[in-house]
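A quick note: this is a predicted structure, and the numbers were derived from the prediction, not measured. Chain letters run A, B, ... following the sequence lines, proteins first and then strands; every chain starts at 1.
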Amino acid sequence: MPAYDFKKIEKKWQQYWEKHKTYGASNDAIKPKFYGLVEFPYPSGEGLHVGHPRSYTALDVICRKKRMEGFNVLLPMGWDAFGLPAEQYAVKTGTHPAVITKKNIATFKRQLQALGMGFDWSREVDTTDSEYYRWTQWIFLQLFKQGLAYKATAAINWCLSCKIGLANEEVVNGACERCGGPVEKRDKEQWMLRITQYADRLIDDLHYLDYIEPVKVQQRNWIGRSEGARIKFPLPDITEPEFGGDHFQNFLEVFTTRPDTIFGATYMVIAPEHPLITKLASSIKNKVAVKNYVEKARGKSDLERTDLAKEKTGVELKGIRARNPLTDEDIPIWVADYVLPHYGTGAIMAVPAHDSRDYAFAKKYKLPMKIVTCPHYPSPTCPVLKDAYEGDGHNIESDFLNGLPTSEAKQKIIAWLEEQGVGSREVQYKLRDWVFSRQRYWGEPIPMVHCEKCKDKSKYGDGWMPLPEDALPLKLPEIKKYEVADTGESPLSKIPAWVKTTCPECGGAAKRETDTMPNWAGSSWYFLRYAAPHDTKFFSHTEWQKEEIQPDDLDKRLFALLKCIKTLFSAHDIPFWIAGSLMMNGLNRKLWRHMHDIDMFVRGSDWERILEFLRADGFIIHEEHNGWNRVEKDGCQVEICPATPLEGELYTHLRHGQEQVLHRYDLELAERGWLWGVPFRTISPTYMLRFYRFLRDKFPKTRDKEADRQKMEFLEAYLANPLNYWMPVTWYNGGMEHTTLHVLYSRFWNKFLFDIGAAPTSEPYEKRTSHGMILAKGGEKMSKSKGNVVNPDDIVAAHGADVFRAYEMFMGPFDQAAEWNPRGLIGVSRFLQKVWGIGLSLRGATPRGDEAIPRGKGDVRNLTRLLHQTIRKVTEDIESMHFNTAISALMQCSNEMQKAEGVTAEQFKIFLQLLSPFAPHMAEELWSTIGEKGSITHAAWPVFDPELAREEKIELVIQVNGKVRDKIMMPADISVEDARRTALASEKVQKWLAGKEPADVIVVQGRLVNVVIT
RNA sequence: GGGCAGGUGGUGGAAUGGUAUACACGUCAGUCUUAGGAACUGAUGCCGCAAGGCGUGUGGGUUCGACUCCCACCCUGCCCACCA
């Protein structure tokens, strides 16, 4: 038996795939799409890390399965190639960043191809390619034109060692996320993106996305929406003319989430940066003390300011008091750095009895406390105060709020404040605008020019002029020195030829922007580019803007499209229906509401009502039956699975015979003219339209030719844009660390692009999952400095790509961190060797040989049963990302095949199909060895047959008081009564009973009997 | 301090409220081999000669039956952290 020569065989198939474009995704297929996405890597000098392939293999496995299930799969790859390391390397060596980047990309690509990843390399993108960043710049221009990009002087986070301004998201515990170095605040003119304008939608739309819960929670917390009130506290002492003289116009405004505790506000606190301090300097009696404190606080870095949090400090503003509008008491105002300048109004009303921070501060400075929320109402056990009580309760000592529970008190006080004109309901966010400038060379140039002359004339104001779109791409100039000036200016600022330019508006002399974009820019829209990587028109497709459809959100757009399609279908008398329960998921739930003006959507109980709406609307509806949707007409019967974790089963289930897949089945039915179904969630509008085009010739009758022609014009334009087919991404896997950065940023950009009609959906990713990190032995992170990095090349050289892939999937639960353990590779290696041996022994078996039993003679029924159980297990496990148990099921299967007296070629083929997503090279080789032609990639995924998987015998477990005492082999369909009788007759049970009658006997059918003895 | 995830053999880890430890590593024994290795077969939670007992971080609870559900606590990891 020839040993498995993985070097030769893996190379052979990699070449085959490349030559036959096996993983190329077609933009025109009449097939449902599946768009799998993994985060494209930054091509670092270190080459591929073993962590990268964990995510890549996972989605490759999923995509391979989807292909076999009949989906048109897109799994692309590209390079997020702008970034600091290449630039730092350039500073050190003088090599142009583009040179080293190109070299690194080549290494990454070679490594990925050696792993047998089924990427569509024809769609490779590179963010540093000017034909790519042309569109990054285009997006920036659109953001600017919509008022979402603006220049502002802001205290930004400046990393001293990287010499770069950082976004808030990039500062970790007051230190630079990248280098860990200290970060200080610097005032600098920066480009900012108004992501805060999308805060509500970024939170609200999470609701209908299929993201893993931790991602949703982190994004919600990061955006940090809190609802409360803005309240004005009058400053009765202030009578300065510039404040109007009338003391009721002078006030200190605060934001609070607990307006109900306002009767307990005994003092106020403002941040050291609060403008009141300078404005009212003349009224402050202890100016020196206040000034000293403010200066000291401002000098602290974020790190110090939060680190020193243990002991709160502050100074009272003597000479100014605020009046609590509810108690009419005058209360002191303090300056303290525990109040943040950028959140809310930079000032708070302090309620020491009900806020732990205020409590700590009040205790230290002996300020009064007043309890106004009582948890034990009406029994007055409250006045003992060991700590702030922050929970809910009933109001006491609060005048007209007395006796009200917290939630009602909140509503009542806000209403009162609004009535009196001293406050209003207010929503606050933690999220800040995105600092978008970097004073760096190796990034996308910001396509803006500053013109003094146009300062006042321009519609944009302040003199910043956008370049015209036909001036894009604005390419990076060649430079000699990559160092950042100590002033913090970008290297581009030192090139006069770059800086000096002309104004696109007036043609006069102007200055070019010298900052570049952060490396988050290119990755914020790359998933769109994969749909049409070489399209020179790309975002300029404007079919949505032309139609009468005035989209303001995704659902209305889809609805409009759907109506359009429906009209066409009915004009041709083609019955049209939508699989209802498929629409109940995610995106489509909202769509449903728009279609029927249902305000509340209730799953299940509302079902019949919804069906009525649809029937009235001319849809032909199926019934839901045991979770499967059944349609009957003319004696023909179709079942459609509602959206389940096993969505793919829909396609396998619908297969007619071994070869057919869903879309072919659909065509067949449609040609017979009685039915056409759209499981909406998995089939895009593009798919529907392709069907329409296909069908309209077969149904020549039209009611309104002109309307048909007009609609078709729109629909053809719609079809011509591949974005409409591929978006949104069906399944996106990546690291948790990108949750509040990349994922949030790209959702923001995609929403913006959607709003201007450039992207077809308001959300970029339907589903987001995350993998655990791969750690070095000992549970440490792998790092160059620790010398514990495992290089994928070494593993592939020693064991082959299939072993590497399967091991990464086998090493532990996919969503949890896993330690790299070379011993584990051996187990996987043995497993594949075993499969190879079995495969070779079947060589020459007849391809359709269901009688051939080349490994001896005997009962093949047991193996078939196990195989069908394995089909089910592997199918489910891949879908739920339980790859480790899927592989363990395959191992059990191979162990049994080895022991079995006979294995047929048919049986082994099923096994190979299940194995192929994990070990594609070996599967291909054995597939052809066994006599199959072509690639296993396009073989149909095996169909689980419950009948064949059914066990005939079971081991009936017999318990006494819940403890196992006996096991007896019994037929699987043993009746409850027989099981009971068998159990009681068992010798062991008789012994435990010792002549007594059992108190109870519990029988779990087909499993166990529990005899209860008291 | 808050949120989330997790705690099971010597190790990585399996278990719709129903046989705890599947699968794999390691270890031990055997077969084959000049030898080493590989491969194959079998054994392998702990205590006990056995009958049996004890076992899923700790302590309670619900249940005929709990790794699984509920309550309290301890520990580990990740994320956030003076956000009013």
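Rounded to the nearest Å, the gap between the P atom of B/rU56 and that of B/rC69 is 16 Å. Separation of the P atoms belonging to B/rU21 and B/rA14 is 15 Å when rounded to the nearest angstrom. Comparing the P positions of B/rC78 and B/rA43 gives a spacing of 41 Å, expressed to the nearest Å. When the P atom is used for both B/rG17 and B/rA66, the distance is 14 Å, rounded to whole Å. B/rU58 and B/rG7 are spaced 13 Å apart, taking the P atom of each and rounding to whole Å. Between B/rC75 and B/rG30, the two P atoms lie 48 Å apart (nearest whole Å). Using P as the reference atom, B/rA39 and B/rC25 are 9 Å apart when rounded to the nearest Å. Comparing the same atom, P, in B/rU68 and in B/rG61 gives a spacing of 14 Å after rounding to whole Å.
Between A/Y338 and A/F361, the ring planes lie tilted relative to each other; the angle falls in the 30° to 60° range. Relative ring orientation between A/F911 and A/F831 is described as perpendicular, the plane-to-plane angle rising above 60° on a 0-90° scale split at 30° and 60°. Taking the six-membered ring where the residue is Trp, A/F814 and A/F883 present perpendicular rings, their angle passing 60° and hence far from 30°.
Nucleotide B/rA38 is matched to nothing when pairs are restricted to Watson-Crick or G-U wobble geometry with both distances under 3.5 angstrom. A 3.5 Å limit on both hydrogen-bonding distances identifies no Watson-Crick or G-U partner for B/rA22. The nucleotide B/rC78 finds its pairing partner in B/rG3, both defining distances of the Watson-Crick or G-U wobble pair being shorter than 3.5 Å. Using N1 to N3 plus N6-O4 or O6-N4 for Watson-Crick, or N1-O2 and O6-N3 for G-U wobble, each under 3.5 Å, B/rG55 pairs with nothing. Nucleotide B/rC69: paired with B/rG61 (Watson-Crick or G-U wobble, both distances less than 3.5 Å). Pair assignment for B/rA43: B/rU27, on the basis of Watson-Crick or G-U wobble contacts that are both within less than 3.5 Å. Nucleotide B/rU16 forms a pair with no other nucleotide shown, judged by Watson-Crick or G-U wobble geometry with both contacts under 3.5 Å. B/rA84: no Watson-Crick or G-U partner with both key distances under 3.5 Å is found in any strand.
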> Stepwise, does the side-chain hydrogen bond (donor to acceptor under 3.5 Å, both in side chains) test hold for A/H771 with A/D815?
Replying inline: CA-CA 4 Å; A/H771 55 270; A/D815 56 354; over 6 Å; no

> Would A/E987 and A/K991 satisfy salt bridge (Lys or Arg N to Asp or Glu O under 4.0 Å), going step by step from the backbone distance to the final call?
Replying inline: CA-CA 6 Å; A/E987 258 178 56; A/K991 198 179 120 195; over 6 Å; no

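Atoms CH2 (A/W836) and P (B/rA39) sit 17 Å apart, rounded to a whole Å. In this structure, A/R258 atom CZ and B/rC82 atom P are separated by 20 Å, rounded to whole Å. Residue A/I1013 contributes atom CD1, which lies 13 Å from atom P of B/rG65 at whole-angstrom precision. If you measure from atom CD of A/E390 to atom P of B/rC82, you get 14 Å, rounded to the nearest angstrom. Regarding A/N961, its CG atom lies at a distance of 11 Å from the P atom of B/rA66, rounded to whole Å. Between A/R225 atom CZ and B/rA84 atom P there is a gap of 13 Å when expressed in whole angstrom units. Atom-to-atom, CD of A/E737 to C1' of B/rC80 comes out at 15 Å; the value is rounded to the nearest Å. In this structure, A/Q219 atom CD and B/rC79 atom C1' are separated by 13 Å, rounded to whole Å.
Map A/D1000 and A/T257 each onto its nearest nucleotide of RNA chain B; the residue landing nearer the 5' end is A/D1000.
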Under 3.5 Å between N/O atoms: give me all the protein pairs with nucleotides 2-4 of chain B, atom names plus distance.
none

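Minimum interatomic distance between A/R980 and A/V1001 (heavy atoms only, all atoms of both residues): NH1-CB, 3.6 Å. Closest heavy-atom contact between A/N1010 and A/N961: OD1-N, 3.4 Å. Nearest heavy atom pair, residue A/S770 against residue A/G734, reads OG-O, 2.7 Å.
We find the CG-CD distance between A/D966 and A/E955 to be 9.5 Å, quoted to the nearest 0.5 Å.
Using a 3.5 Å distance cut-off with no hydrogens or angles, the side chains of A/R425 and A/Q411 do pair a donor with an acceptor. Side-chain contact check for A/S356 and A/Y389: no donor-acceptor pair (N or O, by modelled atom type) lies under 3.5 Å.
The ring of A/Y807 has its center closer than 6.0 angstrom to the ring center of A/W820.
Against the 90° criterion about 0, the sugar-base torsion of B/rG45 places it in the anti range.
Using a cut-off of 4.0 Å between Lys/Arg side-chain N and Asp/Glu carboxylate O, A/E39 and A/R768 are scored as salt-bridged. With salt bridges taken as basic N to acidic carboxylate O contacts below 4.0 Å, none links A/E390 and A/R258.
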>> One character per nucleotide, please: for nucleotides 9-26 of chain B, 5' to 3', B when the base has a protein heavy atom closer than 4.0 Å, S when only the sugar-phosphate does, - otherwise.
In response: ---BSSSB-BB--BBSSS

> How does each nucleotide of nucleotides 42-54 of chain B score, in 5' to 3' order, for protein heavy atoms under 4.0 Å: base (B), sugar-phosphate only (S), or none (-)?
Replying inline: ----------SS-

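A/S226 comes within 4.0 angstrom of the backbone, heavy atoms only, and of no base.
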